[in-house]
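Letters A, B, ... mirror the listed sequences (proteins, then strands); counts begin at 1. All values below were derived from every heavy atom in this structure, side-chain atoms included, with hydrogens, water molecules and symmetry-related copies excluded.
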Amino acid sequence: MRSSWADAVENANSGSVENAGTSGASGASATSKSAYVPPHLRSKQPTAEPPAPSHTGPPSASDRFGYGGASGGPRYGVPRSDYGRQGYGGGGRGAGGWGSRSGGWSREREVNPFGNDDADGLAESTFSEQENTGINFDAYEDIPVETSGDNVPPPVNTFAEIDLGDALNLNIRRCKYVKPTPVQRHAIPISLAGRDLMACAQTGSGKTAAFCFPIISGIMRGGFPPRPRGTRTVFPLALILSPTRELSMQIHEEARKFSYQTGVKVVVAYGGAPINQQLRELERGVDILVATPGRLVDLLERAKVSLQMIRFLALDEADRMLDMGFEPQIRKIVEQMDMPPRGERQTMLFSATFPKEIQRLASDFLSNYIFLAVGRVGSSTDLIVQRVEFVPESDKRSHLMDLLHAQRSNGVHGKQALTLVFVETKKGADALEHWLCMNHFPATTIHGDRTQQERELALRSFKSGNTPILVATDVAARGLDIPHVAHVINFDLPNDIDDYVHRIGRTGRAGKTGLATAFFNESNMSLAKSLAELMQEANQEVPDWLTRYASRASYGGGKGRRSSGARFGGRDYRRDSSYNRSGGGSDYYGGGGYGNYGNYGGGYGAGATSAWD
DNA sequence: AAAAAAT
């Protein structure tokens, strides 16, 4: 239980502190700098040789095994207690402090991503501002957490406990983050310890920061390698992949805030937009590249980007990235280009849902990783009210109109509350949007057949409240952070319960409440069982007719709520006995000591579950 | 069967 892993970590920690003497670490760092050979001097063929001598790169997996043995160099596996020691920043160049960028690319003035004139961004905020932008932390108390893996670093309670560096700390204050969310409390120490991570946590509970903070801080600690001359190829140090263009844009915007005035440059690349502008941005320098897979493959094939220097890889919505449509592309990027192999880079996978089959695929990319599951914000019981209504196909439009009418009278300040309507097909989205507009409902639509310009305009117009009804395909199901979505309507239900979970997660974000309504009919029978179970777990009112459908044997065969012991939604597949005997399984466990049910936070028995995304 | 993702 808790004491055992805490002790284990403490032991591991003190052990590695001894190993990682300050002078030794900074000495290695200094050596690594002088030994650096720019890629263009090593080989004309970018993939012909590994990017750098081994002591420049991160230590091998075995060095990192067990919470940061620092023998391989300061970049990875450094115990938290060592942070901020002399010699870390500046790559041991004697500059001291945190990663000052020396040499390399342009030093032009950085645009303030916080979009205010307050130079420090730290003017006293009014209470109402806090309320609008802040996260409702009360909703995050007492969340069940499960971690498993070897030597799991303990969580922190405050940002102050972690030395992320002055510049990043300042940005955290500018973002008005007062204390870390549960996923941040757990994931950041794990990542800072250099460990690979598979994390299940609701989008909107601070997931982006959970992988951005360690990346930014890690880049500053590791130092900025000099930019290779004589080539237009760029060498990002971190790569963040996401499944949709809009989500990549959103991550980019957030990451830019976090890295303001740190010297860390963040660039985004995605399809549907002119590549030349993205190329120009890349050539002005990039440390963190945020991208969608297709455009990145293009850039790699044109040799505009090399992954040789990647220290950090993060997959957002990782289960989507590894599903059938995406997996080959991801494999190509991660395994068949020039990225350092697992164990040498640090890999972080984040998603709200993580089916076991996908976990197994994902483990190909990970090395001795820690699995982390953080229960849903306040459990959806309180935050998202889920309703299911039986609506025959032919009645859907009039039923939708009834809902929208009812809501209109509810609207704040005469404005319609933001309503996100999910449909199954792109054509269906266009048709419904057209019909809504004909009926004087201000609607727009986002889907993959629209131009990127149209997609971005639609999203902006929705966010601003200008067009308070957005009809969307699953392109908008994941990750998008749209504040103030009051109502998610599943006009057409998805076939996969995970997609349902992600869709309704567009409301009830950051600890606020939301409403989700689903139109269910004969064509959704395969979802009956899993939907009923999900709603029950979330303490939602399940209509009797749905319970009846769910219990019919003929409909029971659909994809049930994965995990037989539902717990709280996420579970490390390595713990599932049915996977233990398949090839290579036993070695994986490093001689037991596997897993820690960190069910602290109190009060949650194994049966007290919550649906969470 | 559909959606997403490069030109």
May I ask you to check whether A/W435 and A/F441 place their ring centers less than 6.0 Å from one another? no
State, with a plain yes or no, whether a side-chain heavy atom of A/E317 is found less than 4.5 Å away from one of A/F326. no
Between A/D449 (CG) and B/dA2 (C1'), how many Å, whole number? 11 Å
Using only side-chain N and O atoms of A/R245, determine if any of them is under 4.0 Å from OP1 or OP2 of B/dA6. yes
Which nucleotide in the set B/dA6, B/dA5, B/dA3 lies at the smallest distance from any side-chain heavy atom of A/K426? B/dA3
Nearest listed nucleotide, side chain of A/T425, among B/dA1, B/dA2, B/dT7: B/dA2
Counting only side-chain heavy atoms from C-beta out, which of B/dA1, B/dA5, B/dA6 sits nearest to A/N495? B/dA1
Integer-rounded Å distance: B/dA2 P and A/F491 CZ: 17 Å
Rounding to an integer number of Å, can you tell me how far A/L241 CG sits from B/dA6 P? 11 Å
Determine the sole option in A/L527, A/N490, A/L531 for which the side chain to side chain contact (heavy atoms under 4.5 Å, CB included) test with A/V388 is passed. A/L531
What is the nucleic acid contact for A/D474, judged by heavy atoms within less than 4.0 Å: base, sugar-phosphate only, or nothing? nothing
A/D498 CG to B/dA4 C1', straight-line distance once rounded to whole Å: 16 Å
Is any side-chain N or O of A/D323 under 3.5 Å from a base N or O of B/dA4, one able to act as donor and the other as acceptor? no
Are A/R245 and A/Q452 close enough, and set up right, to give a side chain to side chain donor-acceptor pair (under 3.5 Å), and what steps lead you there? CA-CA 9 Å; A/R245 298 163 181 174; A/Q452 192 54 30; 2.9 Å; yes
Measure from CG on A/L459 to P on B/dA4 and round the result to the nearest Å. 14 Å
Reckon A/G325 touches a base, only the sugar-phosphate, or nothing at all at heavy-atom distances under 4.0 Å? base
Separation of A/I333 atom CD1 from B/dA5 atom P, in whole Å? 14 Å
Below the 4.0 Å mark, does B/dA4 have OP1 or OP2 next to a side-chain nitrogen or oxygen of A/T473? yes
Of A/V234, A/T233, A/T231, the one forming a side chain to side chain contact (heavy atoms under 4.5 Å, CB included) with A/S306 is A/T233
Taking any heavy-atom pair under 4.0 Å as a contact, classify A/V297: base, sugar-phosphate, or nothing. nothing
Picking from B/dA5, B/dA6, B/dA2, which would you name as closest to the side chain of A/E424? B/dA2
For A/R455, answer base if it contacts any base atom (sugar-phosphate contacts may also be present), sugar-phosphate if it contacts only those atoms, and nothing otherwise; contact means non-hydrogen atoms under 4.0 Å. sugar-phosphate
Please state how far atom CZ in A/R295 lies from atom C1' in B/dA5, giving the value in whole angstrom units. 11 Å
Whole angstrom is fine here: how far is it from CZ in A/R478 over to C1' in B/dA3? 12 Å
